[in-house]
Amino acid sequence: MSLSLYDTFSREVRSLQPLDGETLRFYCCGPTVYGPAHIGNFRTFVMQDVFRRVVEASGSATRHVRNITDVDDKTIRQSQEENRALSEFTSEWTARFHKDCDALGILHPHVEPSAVEHLPEQIDLISQLIGKGHAYRTDDGSVYFDVNSFPAYGKLSRLAEREITTGEIDREQSDEYDRASAADFALWKAARPEDGPNHWQSPWGQGRPGWHIECSAMAMKHLGESFDLHSGGVDLVFPHHENEIAQSEAATGKTFAHHWLHIAHLTVEGRKMSKSLGNLYTLEDLAERGHTPMELRYVLISGSYRQPLNFTFDSLAAAKKSLTRLGNWQHRLGGDTEIHSPGKGDFGPFAPVLEALLNDLNTPEAIGRLHSIGRKVMAMANAEELSPAETKAASEGLSLVLRCLGLVLPNPENAPATNIDEPPASVNKLACERLEARQNRNWEAADQLRDQILEAGWTVLDNPDGFSLEPLETKTEITDHQS
RNA sequence: GGCGAGGUAGCCAAGUGGUAAGGCCGGGCUCUGCAAAAGCUCUAUCGCGGGUUCGAUUCCCGCCCUCGCCUCCA
């Protein structure tokens, strides 16, 4: 069974099968590494990860390329401001990105090309475009793509149906880069003083590549001139992906990507994320509030990728509870807890979950089915109504589902892992006394001791082996502002 | 203004031409000395007004509201 997936280009849900019959080749626009990625960025990367996992579960191999944008306006400006070498600056943020991705259980792409390491490929592509009359050099040594030379321009974003705001070019841009038509976009940008040492030799003089060209060059290098699917956030539909199509197809005459996957944006508490609103959260910000990356992952896949998703701290708390519950199930059924890709397998009683995922990556439906099927299966398991074979099937099915979703669940046996603080000896002593009182069935004394422990700022929880102590929730509410 | 998406229970969020998945919260119950945890269970007629239909939340029209993109933001 293959995946049906909405295609931005044709605007319909289409069955997705590898062009070469074997390996589904796809390209994801990666991060610009000039700072920490925020949870909105991660929605895209997490959904792309689920996409890959589902394709692999459906039986296809994949070849996943995701770039690192390490040479552009933002990386150059920021590194210059910090007085640091571009490569040092970007490799630091690249490392941070990798760390975050790992924490979120995002599989590593098979190839992760860096823009600055693919300058020859980009220059070559630009040369081809000039040669074929699709691009021109300006007096300052920049090169632009001539949009008028490519009649199909705008077909992805249906630009023809829009009112193009020509003439409304940013003043600063038009002063510095002298393009012929407002719609034309830079393939190569001539060096500017403020770029510092960040310019490279080209047939058109010192400069650096434009933003869009890197993806065309790297995608074609690592996936071929024509490949299965291209993906990114919705904001990339125009102009980034539109421009990629124009550059690539003008150069090769072939269809660039056969399917376009775009992930809708994340809003935060009902509002667009922005620096001025102070709601651009990073994984670090969430960690400071006591939330784990997996909780975020769960939230990010709890809505349809085609719809804007509203992130709230309540949903993060809900995710924690759900994960705990799923973790209990997995523990009781005894499945494995690896993060790796699912591959093809028998989903057993959880087959309807895979079905939901194959239906345009319907992750909310899948999660709903996971819960309702899981509840039934666990009820039977608890009533000891499952044969060993059925238990095994359920266990394997659950593991496969979790791997499709990329969820790594908390193990109830190491449950209080969040509690790093050791209780002071005095509190511990009170708790021991309370245990003794309980063993003597002296409930009054036990309750009194619990009150004392509470006053000391700790909660005592009874369990079969004795007790555990947890610090009282210091409710740092969400009222504090981001700086 | 152009293009696009959407308004479903306190919150998040699916879905269907035949009277609405799931999660969280809340209520009730079971278990437990009490708690906690866990388990069970209850809770919506789908923005407003028309229309098509035997029947619409699901299709069409109008209105109100929200949101995204419109040149380098995932």
Side-chain angles (χ1 to χ4, degrees), chain A residues 8 11 28-32 37-48 69 72-74 147 157-166 168-170 173 179 182-186 189 210-212 231-240 242-243 262-267 269-275 280 298-299 302-304 306-326 328 332 356 362-375 378-379 382 412 415 437-438 441-444 446-447 450 459-464 467-468 470:
Chain A
T8 312
R11 306 216 175 169
C28 299
C29 287
T32 302
H38 55 69
I39 58 178
N41 297 315
F42 285 122
R43 179 183 193 195
T44 297
F45 299 125
V46 163
M47 280 312 306
Q48 289 165 341
T69 297
D72 81 320
D73 287 335
K74 294 189 291 282
V147 166
S157 57
R158 312 271 161 120
L159 206 59
E161 298 166 14
R162 305 179 182 216
E163 214 172 68
I164 308 176
T165 55
T166 42
E168 292 295 320
I169 323 170
D170 184 70
Q173 286 254 331
R179 60 187 128 175
D184 293 354
F185 56 91
K189 294 182 170 186
W211 174 37
H212 316 294
S231 169
V234 275
D235 54 302
L236 296 185
V237 174
F238 186 87
H240 186 54
E242 197 69 75
N243 292 352
H262 291 102
I263 286 92
H265 277 179
L266 191 70
T267 56
E269 307 282 1
R271 316 186 70 175
K272 186 192 175 179
M273 286 192 297
S274 77
K275 278 179 188 153
L280 276 182
Y298 188 95
V299 170
S302 68
S304 159
R306 285 215 258 157
Q307 239 48 66
L309 177 67
N310 187 26
F311 171 89
T312 65
F313 282 93
D314 283 347
S315 53
L316 214 45
K320 188 192 193 70
K321 302 273 276 190
S322 294
L323 288 170
T324 302
R325 181 186 225 203
L326 294 173
N328 290 340
R332 295 233 300 281
N362 194 334
T363 47
E365 177 78 42
I367 290 174
R369 292 183 181 187
L370 166 59
H371 279 283
S372 54
I373 294 170
R375 200 162 6 103
M378 293 316 295
N382 289 339
R438 288 185 66 233
R441 309 188 76 76
N442 185 351
W443 311 128
E444 213 169 297
D447 288 345
R450 175 160 53 203
T459 309
V460 62
L461 301 174
D462 298 326
N463 60 50
F467 61 85
S468 67
E470 287 194 1

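Each chain gets a letter, A, B and so on, in the order the sequences are listed, and its residues count up from 1.
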* Sugar-phosphate, base or nothing in reach of A:L370, heavy atoms under 4.0 Å -> nothing
* To do: Establish whether the base of B:C72 is bridged to the side chain of A:K189 by a donor-acceptor pair shorter than 3.5 Å.
  => yes
* Side chain to side chain, A:W211 and A:D73, heavy atoms closer than 4.5 Å -> no
* If B:U58 has a Watson-Crick or G-U wobble mate with both distances under 3.5 Å, name it; if not, just say none. => none
* C1' spacing across the pair B:A13 / B:A20, given as an integer number of angstrom -> 13 Å
* With rounding to whole Å, what would you report as the distance between B:A56 and B:C61 at their C1' atoms? -> 15 Å
* To do: Describe the nucleic acid contact of A:M273 in one word from base, sugar-phosphate, nothing, applying a heavy-atom distance below 4.0 Å.
  => base
* To do: May I ask you to say what A:G233 touches in the nucleic acid, namely base, sugar-phosphate or nothing, with a heavy-atom cut-off under 4.0 Å?
  => sugar-phosphate
* Asked: Can you tell me how far P of B:C24 sits from CZ of A:F311, to the nearest Å?
  -> 18 Å
* Structure fact -> Any strand, both distances under 3.5 Å, Watson-Crick or G-U wobble: B:G26 pairs with B:C42
* **Straight-line distance of A:L266 CG to A:M273 CE, nearest 0.5 Å** => 5.0 Å
* B:G28 versus B:C63 - spacing of their P atoms, nearest Å -> 48 Å
* So what does A:I263 touch, heavy atoms closer than 4.0 Å: a base, only the sugar-phosphate, or nothing? -> nothing
* So which nucleotide from B:C34, B:C72, B:G23 ends up closest to the side chain of A:R450? -> B:C34
* Of all the choices, B:A21, B:C11, B:U71, which nucleotide is nearest to the side chain of A:D314 once you look at every atom? -> B:C11
* Structure fact -> Any strand, both distances under 3.5 Å, Watson-Crick or G-U wobble: B:A5 pairs with B:U66
Give every pair of a protein N or O atom and an N or O atom of nucleotides 26-31 of chain B that lie under 3.5 Å apart, one pair per line with the distance.
none

* Complementary nucleotide of B:U71, counting Watson-Crick and G-U pairs under 3.5 Å -> none
* To do: Searching all strands shown, indicate the nucleotide that pairs with B:U16 (Watson-Crick or G-U wobble; both distances under 3.5 Å).
  => none
* Asked: How about A:R271: does its CZ atom have over 12 heavy atoms from other parts shown lying under 6.0 Å from it?
  -> no
* **Touch class at under 4.0 angstrom, heavy-atom based, for A:N243 against every strand present** => nothing
* Base, sugar-phosphate alone, or nothing: which one does A:H38 contact when heavy atoms must sit under 4.0 Å apart? -> base
* Asked: Taking for each residue the nucleotide of RNA chain B with the nearest heavy atom, is it A:W443 or A:T32 whose nucleotide lies nearer the 5' end?
  -> A:W443
* Asked: With a non-hydrogen cut-off below 4.0 angstrom, is A:G40 in contact with a base, only sugar-phosphate, or nothing?
  -> base
* To do: Return the value, rounded to whole Å, for the distance between atom CZ of A:F238 and atom P of B:C69.
  => 14 Å
* Determine which nucleotide pairs with B:U53, using a 3.5 Å limit on both distances of a Watson-Crick or G-U wobble pair. => none
* Asked: Which part of the nucleic acid does A:H371 contact within heavy-atom distance under 4.0 Å: base, sugar-phosphate only, or nothing?
  -> sugar-phosphate
* Any side-chain heavy-atom pair of A:H262 and A:T44 under 4.5 Å -> no
* To do: Specify the residue among A:D462 and A:A317 whose closest nucleotide of RNA chain B lies further upstream toward the 5′ end.
  => A:A317
* Could you check how far CD of A:Q307 sits from C1' of B:U8, rounded to whole Å? => 13 Å
Close N or O pairs between protein and nucleotides 39-43 of chain B (under 3.5 Å):
none

* Return the nearest nucleotide to the side chain of A:P364; candidates are B:C34, B:A13, B:G23. => B:A13
* To do: Nearest whole angstrom, please: distance from the P of B:A13 to the CG of A:L316.
  => 14 Å
* With respect to the phosphate group of B:C25, does any side-chain polar atom (N or O) of A:K321 fall under 4.0 Å of OP1 or OP2? -> yes
* Listed nucleotide nearest any side-chain atom of A:S372, set B:G22, B:G33, B:C34 -> B:G22
* Asked: When you measure from the side chain of A:N362, which nucleotide among B:C34, B:A14, B:G68 comes out closest?
  -> B:A14
* Counting heavy atoms from C-beta on, name the nucleotide in B:C24, B:G4, B:A74 closest to the side chain of A:A318. => B:C24
* Give A:S304 one of three labels, base, sugar-phosphate or nothing, depending on what nucleic acid heavy atoms sit under 4.0 Å from its own. => sugar-phosphate
* Send over the distance from A:N310 CG to B:A13 C1', rounded to a whole Å. => 10 Å
